[in-house]
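None of the values given here were measured: they were computed from a predicted structure. Hydrogens, waters and symmetry mates are skipped; everything else that's a heavy atom, side chains included, is used. Residue numbers count from 1 along this sequence.
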Amino acid sequence: MHNPTITILKTEILSDNWYTLNKVTYTIQKKDGTTETQSREAYDRGNGAVILLYNTDSQTVILTRQFRLPTYINGNSTGMLIEACAGLLDHDNPEDCIKRETEEETGYKISKVEKVFNAYMSPGSVTEILHFFIAEYSNEMKVAEGGGLEEEGENIEVLELDFEKALAMIDSGEINDAKTIILLQHLRIKSIL
């Protein structure tokens with residue numbers, strides 16, 4: 001397996017309005033030993049965490065539904081997306097982040113989470129590593145309405161769905177968010193629900 005030598009020549013900030021869009025010029029050594037100069041853009045929005053809450057007794061999962069502008073621009077007629085609860089780390093470790101996000105978005109206060117893996121979600125253009133978690137929930141853990149933080153412009157609907165219905169929603173296209181599909185399939189593969 002060839003591991004190329006990379007040398008960063010220049011990094012230019014194209015935008016730092018919301019997150020940071022950089023244009024990076026670098027040299028890369030190809031398999032034949034020659035070196036080529038390339039330029040690519042990379043969007044740095046920080047790293048994040050995502051969680052799927054599940055209940056083995058009721059065979060249900062907790063998902064969220066909210067407006068996502070990029071999906072609207074790219075053909076999602078309502079812009080609404082059904083997703084697993086997620087958020088940026090904001091200088092927290094992934095476990096603390098996902099516990100905080102879970103309570104803010106869903107209203108469930110969870111204390112025990114299980115890390116399942118990390119993944120790059122769009123490695124051709126976005127630097128983000130996403131930390132994937134699952135956790136069991138019960139009705140007793142519901143401490144607030146959820147819905148996100150008003151000061152962050154969040155307007156999140158909390159959904160409790162039958163697990164089999166959620167899987168069927170992947171097939172129907174109602175759930176088409178990659179991180180959510182991955183976690184639902186993880187529960188199915190591991191026979192958790």
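- In this view, Tyr137 and Tyr108 satisfy the ring-ring contact (aromatic ring centres under 6.0 Å, His included) rule, not counting sequence neighbours.
- Under the 4.5 Å side-chain contact rule for hydrophobic residues, Ile192 and Leu184 share a cluster.
- Using a 4.5 Å heavy-atom threshold, the side chains of Phe117 and His186 count as touching.
- Side-chain atoms of Thr127 and Asp44 form a donor-acceptor pair, as typed in the model, at a separation below 3.5 Å.
- Cluster membership for Leu161 and Val158, using ILVMFWY side-chain heavy atoms within less than 4.5 angstrom, is not shared.
- A continuous path of hydrophobic side-chain contacts links Leu183 to Tyr54 [ILVMFWY only; heavy atoms under 4.5 Å].
- For the pair Glu103 and Lys99, the salt-bridge criterion is not met [side-chain N within less than 4.0 Å of a carboxylate O].
- Using a 4.5 Å cut-off between side-chain heavy atoms of Ile, Leu, Val, Met, Phe, Trp and Tyr, with links allowed through other members, Ile51 and Leu159 fall into different hydrophobic clusters.
- Summarising the hydrophobic clusters (Ile, Leu, Val, Met, Phe, Trp, Tyr; side-chain heavy atoms under 4.5 Å, direct or chained), the residues clustered with Leu89 are none.
- With a 4.5 Å cut-off between side-chain heavy atoms of Ile, Leu, Val, Met, Phe, Trp and Tyr, the cluster of Ile8 takes in Ile6, Val24, Tyr26, Ile28.
- Here salt bridge (Lys or Arg N to Asp or Glu O under 4.0 Å) pairs that include residues 30-42, with residues two or more places apart or in two chains, are Lys30-Glu36.
- By the side chain to side chain contact (heavy atoms under 4.5 Å, CB included) test, Met80 is found to be paired with Arg65, Phe67, Thr78, residues two or more places apart in sequence or in another chain being considered.
- The minimum heavy-atom distance between Phe132 and Ala119, with the atom names listed, is CE1-CB, 3.7 Å.
- Tyr19 has its side chain within reach of Leu88: a pair of non-hydrogen atoms, C-beta onward, lies under 4.5 Å apart.
- Inter-residue side-chain proximity for Leu81 and Asn176 is flagged as met; some heavy-atom pair is nearer than 4.5 Å.
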Salt bridge (Lys or Arg N to Asp or Glu O under 4.0 Å) between Arg68 and Asp177, intermediate numbers included: CA-CA 11 Å; Arg68 295 296 197 183; Asp177 170 66; over 6 Å; no
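- Between the side chain of Thr180 and the backbone N or O of Ala84, at least one donor-acceptor pair lies under 3.5 Å.
- In this structure Ile181 satisfies the side chain to side chain contact (heavy atoms under 4.5 Å, CB included) test together with Ile170, Ile175, Gln185, sequence neighbours excluded.
- Looking only at distances, no side-chain donor or acceptor of Glu105 sits under 3.5 Å from a matching main-chain atom of Thr102.
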